[in-house]
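Notes to accompany the following structure.
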Amino acid sequence: MRTATANLHNPINNNQSNTFFKALIAHAQASGFIYPSSEIYDGLQAVYDYGPYGVALKRNVQNFWWQSMTQLNQNIVGIDTAIMMHPTTWQASGHIDGFTDPMVDNRDSQKRYRVDLLLEAHAAQLVEQKKGTQAKALIAEMESCLQTANLSGLDQLLQSFAIVCPLSKTANWTPVRQFNLMFSTQVGAQNDATTIYLRPETAQGIFVNFLNVQKTVRMKIPFGIAQIGKAFRNEIIARQFTFRMREFEQMEMQFFIQPGTEKEWFDYWKENRQAWYNTLGISNEKINIHPHKQLAHYAAAAVDIEYAFPFGFKEVEGIHSRTDFDLSNHEQYAKKKLQYFDPEWKKSYTPYVIETSAGLDRLVLMLLSNAFIQEKEGKEGHKARTYLKLPFPLAPVKAAIFPLVKKDGLEAKALELFDQLKYDFPLMYEATSSIGKRYARQDLIGTPYCITVDHQTLEDATVTIRERDDMVQNRMAIADIVNFLHSTTSIKSLLLQLRK
Ligand code: ATP
């Protein structure tokens with residue numbers, strides 16, 4: 001859940017990274033990854049659709065996460081719970097009272113802002129002007145106001161730092177107010193309807209099913225329950241493309257433990273999750289582990305895993321030590337025991353929880369940002385090219401199959417190869433335009449291999465296989481291709497990297 005996590009080590013936006021980010025957004029749309037939602041009606045703010053390559057990339061990330069949780073760990077099982085839940089769930093979880101952002105309106109531009117983001121942006125400007133001490137003071141004061149829900153303190157900060165609306169350039173602000181981020185809707189007949197909420201996180205579906213899972217699958221503590229699913233938040237500040245959406249997907253795992261072991265398991269999951277990012281080719285320089293100073297109402301300790309986006313280091317995943325906050329609150333509101341009988345301790349207790357909570361859409365954006373390469377002309381004699389250097393196992397298409405020319409029986413041979421490989425891998429077949437153009441099109445979507453069937457293929461059953469990153473072409477026997485592609489492009493090859 002949201003807490004202010006202001007930090008001053010964010011790289012300040014500069015023109016170069018703005019230009020890069022704009023080019024990335026344009027590329028994501030033009031190449032079939034991500035489109036604005038209902039675009040023919042000019043879109044819906046902060047809602048996006050995934051195109052054919054976007055959905056394939058997203059599913060691959062999902063599968064890698066799911067398998068690394070539920071397949072590599074005997075003590076983690078999966079679940080898929082409903083988006084709509086009993087409304088009391090959100091009272092117990094604290095979302096009805098506490099899931100709010102302090103917002104302020106500018107009377108002249110009629111625009112609404114999240115106060116913490118306005119103040120953070122101002123602090124970043126101060127850092128840029130070499131006024132680091134003032135910036136630190138601003139952030140410290142803001143954190144203290146947020147922690148104590150001191151809204152008039154936030155009003156004063158806006159005034160004393162003379163913060164103006166980026167649009168109207170005036171400081172004509174309304175008083176700061178709290179806004180709840182949950183979407184509500186009605187279920188049932190109109191005159192007898194109940195207000196329910198679209199879940200703002202998937203975690204509560206896990207907590208309310210804790211006993212169902214523990215008893216029916218006979219899980220023993222420590223154990224985890226993993227879930228991937230949609231979550232909804234009425235984000236007021238919708239910027240930075242798919243980084244902040246109103247409808248998004250989370251990949252969450254709640255790990256139930258003996259009270260008193262939370263420090264050890266918190267450290268374990270922090271390390272484990274960082275290693276997961278490394279297998280995606282994200283180097284440690286591009287990751288920041290940011291501890292929360294101000295903790296959400298449920299947390300005893302929390303860190304964000306942040307990635308160096310073009311707009312600064314920003315959270316992609318949170319790791320939270322949630323104590324028994326959620327389970328004991330559900331016990332209280334539901335008037336039912338959610339306890340575990342520990343055969344080791346020979347007594348029952350409400351377990352403690354460590355949570356890992358990643359945003360799938362943010363991971364996709366992270367991977368696209370990390371992979372998008374615009375190479376200039378001349379580098380080692382190559383022409384300029386744009387390509388996506390995605391980890392091979394996550395690439396939407398694993399290999400493209402081309403006949404060198406359509407005649408001389410090459411097309412039939414290439415289609416035969418396509419039919420042979422399609423049961424194992426997502427492929428593309430392309431027979432038109434020059435080989436160079438066909439390579440370039442595959443580079444744009446990050447296809448690791450292009451396989452060309454040529455005249456020699458008819459003689460000795462070999463093909464050329466061109467690798468995306470070094471562009472080197474080798475000959476390979478058709479008989480070896482399945483094994484080769486499995487070893488380089490399967491999710492298994494990523495899972496193996498997680499072995500210690
Ligand atoms: P932020 O402070 O950036 O709004 P948060 O601290 O509210 O994030 P959590 O409640 O910890 O986020 O949610 C867990 C993960 O869900 C986040 O790390 C992020 O990857 C993802 N997430 C949260 N809100 C959004 C959103 N509006 N759009 C896309 N992903 C989101």
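The figures here come from the full heavy-atom set of this structure, side chains too, leaving out hydrogens, waters and symmetry mates. Counting starts at 1 for both ligands and their atoms, in listed order. Keep in mind that what you see is a predicted model, and the values were worked out from it rather than measured.
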E317 neighbourhood, listing ligand 1 atoms whose heavy-atom distance to it stays under 4.0 Å:
18 (O)
Check this for me: does any side-chain nitrogen of one of R273 and E317 sit under 4.0 Å from a carboxylate oxygen of the other?
yes
Ligand 1 N/O within reach of R233 N/O, cut-off under 3.5 Å:
yes
Would you say M245 has any N or O atom under 3.5 Å from an N or O of ligand 1, going by distance alone?
yes
Compute the shortest N/O to N/O distance between R244 and ligand 1 and return yes if it is under 3.5 Å, no if not.
yes
Whether E201 lies under 4.0 Å from ligand 1, heavy atom:
no
What I want to find out is whether K230 reaches E247 closely enough, with some N-O distance under 4.0 Å, to be called a salt bridge.
yes
Below 3.5 angstrom, do we get any N/O pair linking A358 and ligand 1?
no
In ligand 1, the atoms that come under 4.0 Å of a heavy atom of S357 are 13 (O), 14 (C), 15 (C), 18 (O)
What pairs of donor and acceptor atoms, side-chain ones from residues 47-54 against any protein atom, are under 3.5 angstrom apart with sequence neighbours left out?
{"from": "Y50", "atom 1": "OH", "to": "D361", "atom 2": "OD1", "distance (Å)": "2.7"}

Is H320 in contact with ligand 1, taking contact as a heavy-atom separation below 4.0 Å?
yes
Can you tell whether the side chains of E201 and R322 come within less than 4.0 Å, N to carboxylate O?
yes
Under 4.0 Å, counting heavy atoms only: does V316 come that close to any atom of ligand 1?
yes
With salt bridge (Lys or Arg N to Asp or Glu O under 4.0 Å) as the rule and sequence neighbours excluded, what pairs involving residues 169-179 come up?
D105-R177
From Q91 CD over to I96 CD1, what is the distance, rounded to the nearest 0.5 angstrom?
4.5 Å
Of the listed options (E235, R362, E315), which comes nearest to atom 11 (O) of ligand 1 when hydrogens are ignored and any heavy atom counts?
E315
Do the side chains of R244 and E235 get close enough for a salt bridge, i.e. N-O under 4.0 angstrom?
yes
Does an N or O from Q250, backbone or side chain, lie closer than 3.5 Å to an N or O of ligand 1?
yes
Quick one: does E315's side chain get under 4.5 Å of Y307's, heavy atoms only?
no
